[in-house]
Chemist: 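Mind looking over this structure? Questions follow.
What you see below is based on every heavy atom in this structure, not just the backbone, and it leaves out hydrogens, waters and symmetry mates. Chain naming here is simple, since letters A, B, ... match the order of the sequence lines and numbering starts at 1 in each. Because the structure is a prediction, the values reported are computed rather than measured.
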Amino acid sequence: MTTEIKTFIIDYMKTENKRTTERSSKGRVTNMEIKTTGSAGTYESCDAMITVRPGNGITIDLNSDVIDQFGDAIKEVILKTLEEMRVRNAVVEVVDKGAFDCVIRSRLQAAVCRAGETRFDWEGEDRK
Amino acid sequence: MRLKRTSLYVSGSSPVNMIQAQFYNEDCIVYDLEDSVSPADKDTARLLVYNAVRFHRPENKYVLIRVNGSTTVYMEEDLKAAVRARPDAIRLPKMESGDEVKRISEKVAAIERMAGIEEGSTDFWCNIESFPGVLRASEIAASDPRVKALALGAEDLTASLRARRTKGGLEIFYARNAVLLACRSAGIDALDAVFSDINDLEGLKADTELARNMGFDGKTVVHPRQIDVVNAAFTPNAKELRYASRVLAAVEEGKRLHKGAVSLNGEMIDKPMELRAYTIIEQARAAGLDVDTEG
């Protein structure tokens, strides 16, 4: 049986981004700046390869062979993780190989840190 | 009693291995950030292990995270992740003194306070894998209330001794005894070293029986095929169970008859025999054996 692989791209949070930038100018919120391209993960089973690049707003390019069953759930994990890390502008490319939510989340966190050229904010994790 | 017969190392850089490990029969899973993770992957493995343990923790397993050693640049970040993941214990590699453990304990306490985790609730297993560690095993075992076990690491130890590693294990016999005595003195668990040849199950069986006879509580394994052999060696067999049940029955009968001393088959039952019998019954129960039927 041939597995159908679907890719789709969504643009998200343009309005939200504008609102947050306004708040940033008042010094209340510091967004995570994506400075370069960062990747984390592998193409092995149960894993995901996630690449984060600078962008305008949030663009997600999701490629998964379980996109029909879990596409929305994966997108939700990605958007929630980006929100937690205060990423407002990025292109996120995800090649999913059947990864659990915790794997998607960790690969994205690592890719964002690499693309932001910063360490993971553990104190921020405590505030959740 | 919580069994710690087998501790399986799983690389923190492999999601598929981490998921598969939940379905084996090991008592303890050790998510590894140290030897099995390349320097380029330390940051990704750290986050993977954190998220897996915090949000996708395996049920019915004693969960550990092995962090990188205190002489590396990775330990500070590893501890931040490992403490917040709330494993049953953090496994500290290459511990060589009680002061080293205390310094790490202070760092962990600071992280616990920052993260809103009960201070002192993060336990340690200390790996003893060098000659200074063996010489100070008692000091390490008693150094901090967080220390709940010592685990011998034979490969690094024999390298530090300039010894040849053999299957018979004579070169680590002193170290095994030193670690075991330190653990018994401190009232903590003692874990034996890895048997490295994953294709030699007979050798593994003999090595594990030696460790069990010496008094160890369990053994570290590096491959799933080693689990059942080690579990079997650390589980009381029917003969041991039957004898333990008869010892305890004789003790109970002696109490009922107000006897000062009791015997079984002409052999006096003293306190150590009674304690050993209790331990065997507890181990059997923890392993899911039907103690009443077996007895």
Chemist: Does any backbone or side-chain atom of A/Arg107 lie under 4.5 Å from a heavy atom of chain B? Answer side chain, backbone, both or neither.
Modeler: side chain
Chemist: For each of A/Ser106, A/Gly98, A/Ala111, A/Ala99, tally heavy-atom pairs with chain B at distances under 4.5 Å, and name the one with the top tally.
Modeler: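 Top option by heavy-atom pairs under 4.5 Å: A/Ser106.
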Chemist: In terms of heavy-atom contacts, does CD of B/Glu76 have more than 12 from other residues, nucleotides or ligands at under 6.0 Å?
Modeler: no
Chemist: Is the closest side-chain heavy-atom distance between B/Lys80 and A/Phe120 below 4.5 Å?
Modeler: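 Result no, sub-4.5 Å side-chain heavy-atom pair not found.
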Chemist: For B/Tyr50 and A/Glu125, what are the C-alpha separation, side-chain angles and deciding distance, and is it a side chain to side chain donor-acceptor pair (under 3.5 Å)?
Modeler: CA-CA 11 Å; B/Tyr50 165 73; A/Glu125 189 74 2; 2.8 Å; yes
Chemist: How far apart are the closest heavy atoms of B/Met114 and A/Asp126, and which atoms are they?
Modeler: O-OD2, 3.6 Å
Chemist: Heavy-atom distance under 4.5 Å between the side chains of A/Val103 and B/Leu48, does that happen here?
Modeler: yes
Chemist: Around B/Lys205, counting heavy atoms of other residues, nucleotides and ligands shown, do more than 12 lie under 6.0 Å from its NZ?
Modeler: no
Chemist: Would you please test A/Arg119 and B/Glu77 for salt bridge (charged side-chain N to carboxylate O under 4.0 Å, His left out) and show each step?
Modeler: CA-CA 9 Å; A/Arg119 288 183 174 181; B/Glu77 288 294 300; 3.6 Å; yes
Chemist: Determine the option with the most heavy-atom pairs under 4.5 angstrom with chain A, choosing from B/Ser14, B/Ala81, B/Ser13.
Modeler: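 Top option by heavy-atom pairs under 4.5 Å: B/Ala81.
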Chemist: Just give me the residue among A/Arg127, A/Gln109, A/Glu44 that pairs up with chain B most often, heavy atom to heavy atom, under 4.5 Å.
Modeler: A/Gln109
Chemist: Can you establish whether the number of heavy atoms outside B/Glu202 located under 6.0 Å from its atom CD is more than 12?
Modeler: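 Atom CD in B/Glu202 is not crowded, with 12 or fewer foreign heavy atoms closer than 6.0 Å.
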Chemist: Nearest 0.5 Å please: distance from the SG atom of A/Cys102 over to the CZ atom of B/Arg57.
Modeler: 13.5 Å
Chemist: Which heavy-atom pair separates B/Asn51 from A/Arg105 by the least distance, and what is that distance?
Modeler: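 The pair with the smallest heavy-atom distance is OD1-NE, 2.7 Å.
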Chemist: For each of B/Arg54, B/His56, B/Met18, B/Arg84, tally heavy-atom pairs with chain A at distances under 4.5 Å, and name the one with the top tally.
Modeler: B/Arg84
Chemist: Stepwise, does the side-chain contact (heavy atoms from CB on, under 4.5 Å) test hold for B/Ile19 with A/Phe100?
Modeler: CA-CA 9 Å; B/Ile19 291 163; A/Phe100 284 5; 4.1 Å; yes
